[in-house]
*Asks:* 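Below you will find the structure I want to go over with you.
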There are 2 protein chains.
Amino acid sequence: MGTYPVGSYLPSENEICEQFDTTRTTVRRALDELLKNGFIEKEHGRGSRVVERRKSLGLLTVKGFSEALDHNKRTVILQEPTSQPWDDRIPFRLSETEKEGNAIYFQRLRYVNGKPIMLEHNWYSDLKLQQLKASEFIEGSFFKTLSQNFLIEMKGSEQELRAESANAEVARFLNIERGAPVLHISIRFTTSKPGFYLYSEVYCNTSRYPVSNSYFL
Amino acid sequence: MGTYPVGSYLPSENEICEQFDTTRTTVRRALDELLKNGFIEKEHGRGSRVVERRKSLGLLTVKGFSEALDHNKRTVILQEPTSQPWDDRIPFRLSETEKEGNAIYFQRLRYVNGKPIMLEHNWYSDLKLQQLKASEFIEGSFFKTLSQNFLIEMKGSEQELRAESANAEVARFLNIERGAPVLHISIRFTTSKPGFYLYSEVYCNTSRYPVSNSYFL
DNA sequence: AAGTGGTCTAGACCACGCG
DNA sequence: GCGTGGTCTAGACCACTTT
């Protein structure tokens, strides 16, 4: 085991099989993961080559902000998780069971290289998971906390994207002029816990850092 | 074989195996495709349920505009494919072989329900594929043409998204005010033909129709 | 011809939902 | 307990690239 420089080829799938005493199917699943996250490119008949990792925020992948690379990041909690009624802004249909309870809401502001870049509103059902404290977030990451403390993993997401003019609140937090264009992303995360979803409304200043996405297969 | 209404469950994977005389692996690959395209949801221990197809443009998937559902769509060619130097606007690194030749460029304006929604600039290397005529596009689709006439399939895409203010050109074509927020998407499509990429710069009016995306696994 | 990734068959075991 | 989807082993054949 080791580290492979950008541009070099990984061992062939069959060699990796021997090295880790496993099968092609499993090795290929692992390589597909690397492919999807932009670490390698596969070349039919030639091999799998390490490519330079994409820059920019990588927001659109399910991995979440904390795992985006290559930038100095900081997150400020603007609103501790609190129980309150569901918000009209959520553009996804809530399930009946979700609607029976309240929402746990929290708000964060995320900085990249010292500049406020993303304003984030988050909700989840208080019937499915207790109220957490932001100070308990593992390494500041909500996803890591769900994974390690509750064995809840992200399975996927649906997103709607809009270019909008910043309203007063967004402009204030992102330190931009009112009316400046911001990228508004509505996300519904599905999780490994049945019926448990996370909803996020994100407002993003993309003038310095574009949001990136990759799609494979 | 038949059609399954929204909300109903598909036969189990084992039943599908018998029905089509194939194996779990293959059936699961097919179901994962349906999952990724938002037709079904899988529920561990219960089954796979047909869900209502997502609305909105579905632009961010690799499938392309023509396969987005549920809207009346029309495409107008603003600029026939022509050979010209590569454009500075493309934010992706071009390969050395691409830079040796010119680009084939074409421009399209796409309407949804009678309103202009997307302004699209497209480039590909003239060294890798001949110049096509827009009138030869199969069902108006560039991707279908590549697939059926040249056996070139889309394998994936990288995208960068920005919220911007419409400049004069974009405002004119999208019939919006200058300075209004538009979603700017830069796309690099990878294809099954080695070294052959498609580059698109898309400007999208998202005030009526948000752009949607799904991400699974 | 040999080696690579792409796809497939065949079958095992596990985790989850439900009766 | 049983059927479901999730993951894995083991191995075959094909398409593509390189020597």
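In the text below, chain A, chain B and the rest are named by the order of the sequence lines, each starting its count at 1.
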*Asks:* Rounded to the nearest angstrom, tell me the gap between atom CZ in B:Phe20 and atom P in C:dT9.
*Replies:*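 Answer to the nearest Å: 13 Å.
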*Asks:* Could you state the OH-C1' distance from A:Tyr9 to D:dT17, rounded to the nearest angstrom?
*Replies:* 10 Å
*Asks:* Nearest whole angstrom, please: distance from the P of D:dT9 to the CD1 of A:Ile16.
*Replies:* 14 Å
*Asks:* Starting at CD of B:Glu18 and ending at P of C:dG11, how long is that distance when rounded to a whole Å?
*Replies:* 12 Å
*Asks:* Expressed in angstrom and rounded to an integer, what is the separation of A:Arg24 atom CZ from D:dA10 atom P?
*Replies:* 14 Å
*Asks:* Evaluate the ring planes of B:Trp123 and B:Tyr105, with Trp represented by its six-membered ring, and classify them as parallel (under 30°), tilted (30 to 60°) or perpendicular (over 60°).
*Replies:*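 B:Trp123 and B:Tyr105: tilted rings.
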*Asks:* Which part of the nucleic acid, if any, lies within reach of B:Thr23 when heavy atoms closer than 4.0 Å are counted: base, sugar-phosphate only, or nothing?
*Replies:*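 Touches a base.
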*Asks:* Applying a 4.0 Å non-hydrogen cut-off, can you work out what B:Thr25 is touching in the nucleic acid: base, sugar-phosphate, or nothing?
*Replies:*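 Since a base atom lies under 4.0 Å of B:Thr25, the category is base.
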*Asks:* Output the rounded distance in Å from CG (A:Leu34) to P (C:dG5).
*Replies:* 13 Å
*Asks:* Given atom CZ of A:Arg29 and atom C1' of D:dT9, what is their separation to the nearest angstrom?
*Replies:* 14 Å
*Asks:* Is it true that, when you exclude B:Arg89 itself, more than 12 heavy atoms of the residues, nucleotides or ligands shown sit nearer than 6.0 Å to its CZ?
*Replies:* yes
*Asks:* OP1 or OP2 of C:dT9 versus the side-chain N and O atoms of B:Thr22: is any pair under 4.0 Å?
*Replies:* yes
*Asks:* Between B:Ile40 (CD1) and D:dT4 (C1'), how many Å, whole number?
*Replies:*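 Going from B:Ile40 (CD1) to D:dT4 (C1'), I get 13 Å.
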*Asks:* May I ask you to check whether B:Phe137 and B:Phe106 place their ring centers less than 6.0 Å from one another?
*Replies:* yes
*Asks:* Ring-plane angle category for A:Tyr199 and A:Tyr197, please: parallel below 30°, perpendicular beyond 60°, tilted otherwise.
*Replies:*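 Judged by the thresholds at 30° and 60°, the geometry between A:Tyr199 and A:Tyr197 is tilted.
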*Asks:* For A:Arg46 and A:Thr26, take the nucleotide of DNA chain D holding the closest heavy atom to each; which residue's nucleotide lies nearer the 5' end?
*Replies:*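 Looking at the nearest nucleotide for each, A:Thr26 comes out on the 5' side.
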